[in-house]
Structure formats: C-alpha cells, structure tokens
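Here is the structure we will look at, set down as structure tokens.
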Amino acid sequence: MAFAGDYRLAAAVSEAGGLGVIASGNLAIDELAEQITAYRKKTDKPLGVNCFIKDTECREKADLACRMGVSAIFTGIGNPAPVMEFGKKAGIPVIPTVATVRHALAAIEAGSGIIVAEGQEGGGHIGRIGTLPLISQVRKAVGDRVPIIAAGGIGDGSQMIACLVLGATGIMMGTRFLTALECPIHDNVKEALIRSGVDDTTVTGQFTGLPMRCLKNQFTSEYQKKEKAVPSYEMLMFGKGKIREGLMGGDVSNGSLPAGQVIGQLEKIQSAGEIIRSIVAEAEDISRKITENAGFKNW
C-alpha cells in the first residue's frame, strides 16, 4: 500500500485490534524512521513494516525497522531470504506474500514461519491464482508447518470466514482500508472508489512481468495499449510516479490507483476501527448462524 499505508492508518488499525503495517516502498530510509517514530507517538501497539524485495534499499530498511523494534517484517515480490537475517536477529517473524504454492514452499525453505497467500483479486501487484483455490492448495501443501494469512478480495465478515474455513489463521486487507478516515490518499480517490463496482478494476503490466490490479481509468487504458508493443523499460518509465499522482495527487483519470475487486463493497468513508469492528461482528454472526442452524438451514 505505497503512499496509502502510512503511520496514521497503521496506528488506527493497530488501535482497533489489528496489526498495522507501514509501507516502505515509497519512502527513503530516513523517512521510514520518521514514520516509525510518528507511529510510536500515536500508539504503543505492535507494528509491522512492509519491505519490497525488489527495492534496492530493502535490506537497509528491514535492518532499520528491526533495530527500531517493530514486531514483524512483511515482504513482497520476491523470496524473503535477503532480509531473513534481520528478523532472526531481532527475534521477529519475516512474513512474505506469496502467489503460488511453489513460492510458499520456497519461503518456508528460506526460514519464514508465517506466510501471506494473496489471490489475484487483490489490489496492486498480484499473481494469477484466485484467493480461494490458492489458500486451499497452499494449506494442503504446507500442512501445519506454518500459519497462513489470507489476502486478496477480502473485505467483509463472510469473506473472512471463508478464508478461515479453508485453513487460514487470519486475514490481511488493503483495499478495504483505502476509504478509511485515517488513510492519507486524496479524497477524490476515496470518492471514486465508493462510486465504483466490482468490475471497475483492470490489470496492467501483463506484458512487463509485474501485473498490477488498479481502478480502470484513462491511464490504465493507455498503458495496456502501449505495453503490447513498447519495451518493458519504457513502460516502467511511462508509469513512473503515476501512483503518487493518483493516490496522493487525486488524479483519478491519469494516475495509477491500485485497488482490488472488493471496491464493489466500499460504500462510505469510515474509521479503520469501524471497519474492523463491523467485519468481526459480521464474522461472529455468520459463525453463530452456521453452528446454531446446523449449517445454512434458515439462512
């Protein structure tokens, strides 16, 4: 959640009972230190920091976060091996996001004790497998060796329960928090997300090798036309800075707006705490219906 996942949103999530995560991909090392410090001023709850393996400063950021006492390092786009030493030294988990069974097994081999399995319904960089089959197959492959956190297309209590039934021990949400009061993205983007439906996302980067699910707009249309014929490097330059322009600048037409398919469930702007409490309450209600009615009788 580059730009969107700052200390304010992370603190609000943690205060509500979740584990807030600061995204470091868009930050310089000193800016990450400032974000962690600002988080500490808002709450004393545990904190996670996300480090992109393809970030040239990934190791330095992971080292800094561990030295500053975070509770978990999350990684994305790559094997977590390069930062594993910092987590082990600090005695905290390094939790990679995986998109295939093969990646899950490789992450465990590298030393990960927890993994996030993210389906292609999610926002931002994604794989090609849907969340439900991915969770089920990853759980079967890893057995009870590690806990699995489900991600991708999760935005309410029913989806949470579905993932738990398939073997996940928790869920991770990104898109669902884009319309949180504490999320720092531009109000234009929040309003655009609320107006959008489940079929209003598209995937760019199919030809560059870095697929990303975003809200459909003029930029994604132009990108998809170009990427079929233009070299990958030129496409990277074409997209450079577009996420900042979209999320923070509020350019909903020509900016890149990473978002998952749960946008069809975003109905209003509310606090992170309200989001978490509503999802947990719905999950508890569904659990009661299933157990008390012996399944889905009288649903």
Side-chain angles (χ1 to χ4, degrees), residues 1 5 10 13-22 45-51 70-76 79-80 83-84 87-88 90-124 126-127 129-177 260 262 272-273 275-291:
M1 292 184 70
V13 169
S14 293
E15 276 291 305
L19 174 61
V21 179
I22 292 175
K45 298 293 191 299
L47 168 66
V49 167
N50 182 281
C51 299
V70 303
S71 297
I73 295 293
F74 291 82
T75 67
N79 191 300
V83 301
M84 195 62 67
K88 289 182 177 179
I92 64 172
V94 173
I95 308 173
T97 297
V98 302
T100 68
V101 170
R102 177 169 56 87
H103 293 159
L105 295 175
I108 294 173
E109 181 66 23
S112 296
I114 306 173
I115 56 176
V116 175
E118 181 184 23
Q120 61 89 24
E121 298 94 326
I126 56 171
I129 304 172
T131 299
L132 295 186
L134 179 65
I135 299 303
S136 181
Q137 292 170 45
V138 168
R139 170 52 70 202
K140 182 177 180 180
V142 306
D144 60 359
R145 282 181 285 173
V146 301
I148 298 170
I149 300 170
I154 304 169
D156 64 24
S158 65
Q159 291 158 337
M160 175 180 175
I161 288 294
C163 291
L164 298 180
V165 169
L166 289 172
T169 53
I171 61 169
M172 175 177 282
M173 299 185 298
T175 301
R176 187 64 182 84
F177 287 114
V262 297
I275 292 170
I276 291 176
R277 286 190 292 273
S278 66
I279 289 173
V280 172
E282 182 182 15
E284 291 176 340
D285 181 58
I286 291 172
S287 296
R288 283 193 297 269
K289 286 181 178 179
I290 293 173
T291 56

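Keep in mind it's a predicted model, so treat the numbers as computed, not measured.
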query: How long is the span from the CD atom in E284 to the NZ atom in K289, to the nearest 0.5 Å?
result: 13.5 Å
- line: Shortest non-hydrogen pair, G127 vs A99, comes out as CA-CB, 3.8 Å
- line: Taken to the nearest 0.5 Å, the spacing of L105 CG from S112 OG works out to 11.5 Å
statement: Looking only at heavy atoms, the pair that brings I149 and I114 closest together is CD1-CG2, 3.9 Å
query: Going from OG1 on T75 to CD1 on I95, what distance comes out if it is rounded to the nearest 0.5 angstrom?
result: 9.0 Å
task: Measure from the side-chain N and O atoms of E282 to the backbone N and O of G157, and report whether any donor-acceptor pair falls under 3.5 Å.
output: yes
Please output the side-chain donor-acceptor pairs of residues 164-177 that fall under 3.5 Å, not counting sequence neighbours, one pair per line with the distance.
from, atom 1, to, atom 2, distance (Å)
T169, OG1, I148, O, 3.2
T175, OG1, G260, N, 2.7
R176, NE, G155, O, 3.1
R176, NH2, Q270, OE1, 3.2

message: Using only atom types and a distance under 3.5 Å, with no angle test, would you say the side chain of S136 pairs donor to acceptor with the backbone of L132?
response: no
field: Side-chain donor/acceptor of Q159 to backbone N/O of D156, under 3.5 Å
entry: yes
query: Which atom pair, heavy atoms only, marks the closest approach of L47 to G20?
result: CD1-O, 3.5 Å
E121 (side chain) donor-acceptor with T131 (main chain) under 3.5 angstrom: yes
- request: With rounding to the nearest 0.5 Å, note down the distance linking CD1 in I161 to CD1 in I154.
  value: 11.5 Å
- prompt: Between T97 and E118, is any side-chain donor less than 3.5 angstrom from a side-chain acceptor?
  reply: no
